[in-house]
Enquirer: 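Shown below is the structure under consideration.
Just so it is clear, the structure is predicted and the values come from calculations on it, not from any experiment. In what follows, every chain begins at residue 1, and chains take the letters A, B, ... in the order their sequences are listed.
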Protein chains: 2
Amino acid sequence: MKTVNDVLDWPALIAAQPAASLIPETLRVSARWVEADAHEMLFLIGDPVRHVYLVIRGEARLVRLGRNGCEVILQRSRGGFIAEASLDSRTYHCDAIASEPTTLLLFPIAAFHAALEDVIVFRKTWQLQLAREIQKLRAQCERLCLHSATERIIHFIESEGSDGVLTLSQSRKSWAKDLGLTHEALYRALKRMQSDGRLEVEGNHLAIKP
Amino acid sequence: MKTVNDVLDWPALIAAQPAASLIPETLRVSARWVEADAHEMLFLIGDPVRHVYLVIRGEARLVRLGRNGCEVILQRSRGGFIAEASLDSRTYHCDAIASEPTTLLLFPIAAFHAALEDVIVFRKTWQLQLAREIQKLRAQCERLCLHSATERIIHFIESEGSDGVLTLSQSRKSWAKDLGLTHEALYRALKRMQSDGRLEVEGNHLAIKP
DNA sequence: CGTACTTTTGAATCGCATCAAATCTGGTGG
DNA sequence: CCACCAGATTTGATGCGATTCAAAAGTACG
């Protein structure tokens, strides 16, 4: 039988994907390799949880549709696990979509649980992963509680970037969604901040001026 | 030496505190018992992480002060762990305050880590705890991305309550902070929803009308 | 070259934040 | 028991800023 190890260059992946670096051999061989098209649904709300998803290339996002049909992003992952919190759930609480052509690894839940029990270093990494996700989400809640577009932008650059400098890894339109703003509001706020001399913009490179 | 077991009626606590139910004996005896006054700081941003905090009675909250001096709530815990995500951090990323007279258990970090390694059932409970926290935070981000006060209120009742009915366990003023609104906006939205016949309010009992 | 998408700008509207102040509440101490 | 105080609740008036709807210009890709 052909396994993931035949398809995948693990050493290269590990170099590129910190999250994958400590996946034990026993778990690797049980993984499934999946290529998803843009806009392809990975799972739907209510589906039974059968796999843990690791995004290798591209982007996957967790979304929920409000009653107005408006999409809300719960998680966005480029190179990392997605829906980690569903590891102990029976069914999914949201939908997962590939934003673009995306490569994923699917680990069967049972094997994943077994690896978490047996391999100490893997377990520690996993717990750290969960803690990081919590801190990231707390930062996002903090940001969304700010009332003005400008404040949210600054908060984002300061918490996601380093030293007031940040290189965006997404379009501004999707950034606007992360910030809980319309894209128009984001464009205007950015322009205002530029002309006020509070921000420097060069392509995807943003720098806060003191 | 006097231990926590002398002060604390564990069976009673366990009945009242699901989160405490699986704390192993070895960890229990190392716990410290703390009574905090209202507004007392439990730890400050930058403090080294020495303990894991479990709220027994009262309420503790994690906050961060924005540049405008406005307080943002990152976590609020009544009867459960607080700052779980700091278990693997060296220092705290936010302040912790007791909202009211509060009783806490403090578990030394080292003992906590040891218990996580040694006691399978405790470890599983802990991982579940982290996953639940992630899902709760995702729901909150989803809520904060809604643009109107009314939508946030409905979302909160539907996700935190059951079947469109919810009993508030906090003042409306602090609820407003959770919703990312001013208290005035919350009061007005509630009144509007009542007069529109979309919501029924009796003290802390809220019910969405279909 | 056409299609899909992002980026940008404009105008009108609405809702929330803000400031101010009155009332109500529970709890404390005299 | 009452006076008092801190905090929560409620109402009002005002202005700003984000949403919304609309549309044009730019950009990537097959």
Enquirer: Assess whether a salt bridge exists between B:E100 and B:R61, defined as any Lys/Arg side-chain N lying under 4.0 Å from an Asp/Glu carboxylate O.
Expert: no
Enquirer: In whole angstrom, what separates B:H147's NE2 from D:dC21's P?
Expert: 12 Å
Enquirer: In this structure, how many angstroms lie between the C1' atom of D:dT9 and the NZ atom of B:K191, rounded?
Expert: 10 Å
Enquirer: Across the strands shown, which category fits A:A189 at heavy-atom distances under 4.0 angstrom: base, sugar-phosphate, nothing?
Expert: nothing
Enquirer: Centre-to-centre under 6.0 Å for A:F107 and A:Y53, is that the case here?
Expert: no
Enquirer: Should we say atom CZ of B:R198 is surrounded by more than 12 heavy atoms from elsewhere, each under 6.0 Å from it?
Expert: yes
Enquirer: Run the numbers on B:V34 and B:T103 for side chain to side chain contact (heavy atoms under 4.5 Å, CB included), then give the verdict.
Expert: CA-CA 6 Å; B:V34 168; B:T103 307; over 6 Å; no
Enquirer: Identify the residue among B:Q140, B:R143, B:R76 that makes a side chain to side chain donor-acceptor pair (under 3.5 Å) with B:D178.
Expert: B:R76
Enquirer: If only side-chain N and O atoms count, and only distance matters, is there a donor-acceptor pair under 3.5 Å linking B:S171 with B:S174?
Expert: yes
Enquirer: In whole angstroms, how far is the P atom of D:dC16 from the CD atom of A:E151?
Expert: 16 Å
Enquirer: Rounded off to whole Å, could you give me the CG-to-P distance for the B:L190 and D:dT11 pair?
Expert: 11 Å
Enquirer: Within this structure, what is the CG-to-P distance between B:L144 and D:dA18, rounded to whole angstrom?
Expert: 16 Å
Enquirer: Between B:W175 (CH2) and D:dT10 (C1'), how many Å, whole number?
Expert: 16 Å
Enquirer: Counting only heavy atoms from other residues, nucleotides and ligands, does the tally under 6.0 Å from CG of A:D163 exceed 12?
Expert: no
Enquirer: With a 3.5 Å distance limit and no angle check, can you tell me whether A:R64 reaches the backbone of A:L74 through a side-chain donor-acceptor pair?
Expert: no
Enquirer: Would you classify B:R192 as touching base, sugar-phosphate or nothing, given that sugar-phosphate means primed atoms plus P, OP1 and OP2, and contacts are heavy atoms under 4.0 Å?
Expert: sugar-phosphate
Enquirer: Is a donor from one side chain sitting under 3.5 angstrom from an acceptor on the other, for B:Q75 and A:R138?
Expert: yes
Enquirer: Reading DNA chain C in the 5' to 3' direction, which nucleotide is the first one with an atom under 4.0 Å from a heavy atom of chain A, and which is the last?
Expert: C:dT6 to C:dA17
Enquirer: By a strict heavy-atom criterion of less than 4.0 Å, which residues belonging to residues 178-188 of chain A are in contact with DNA chain D?
Expert: A:G180, A:L181, A:T182, A:E184, A:A185, A:R188
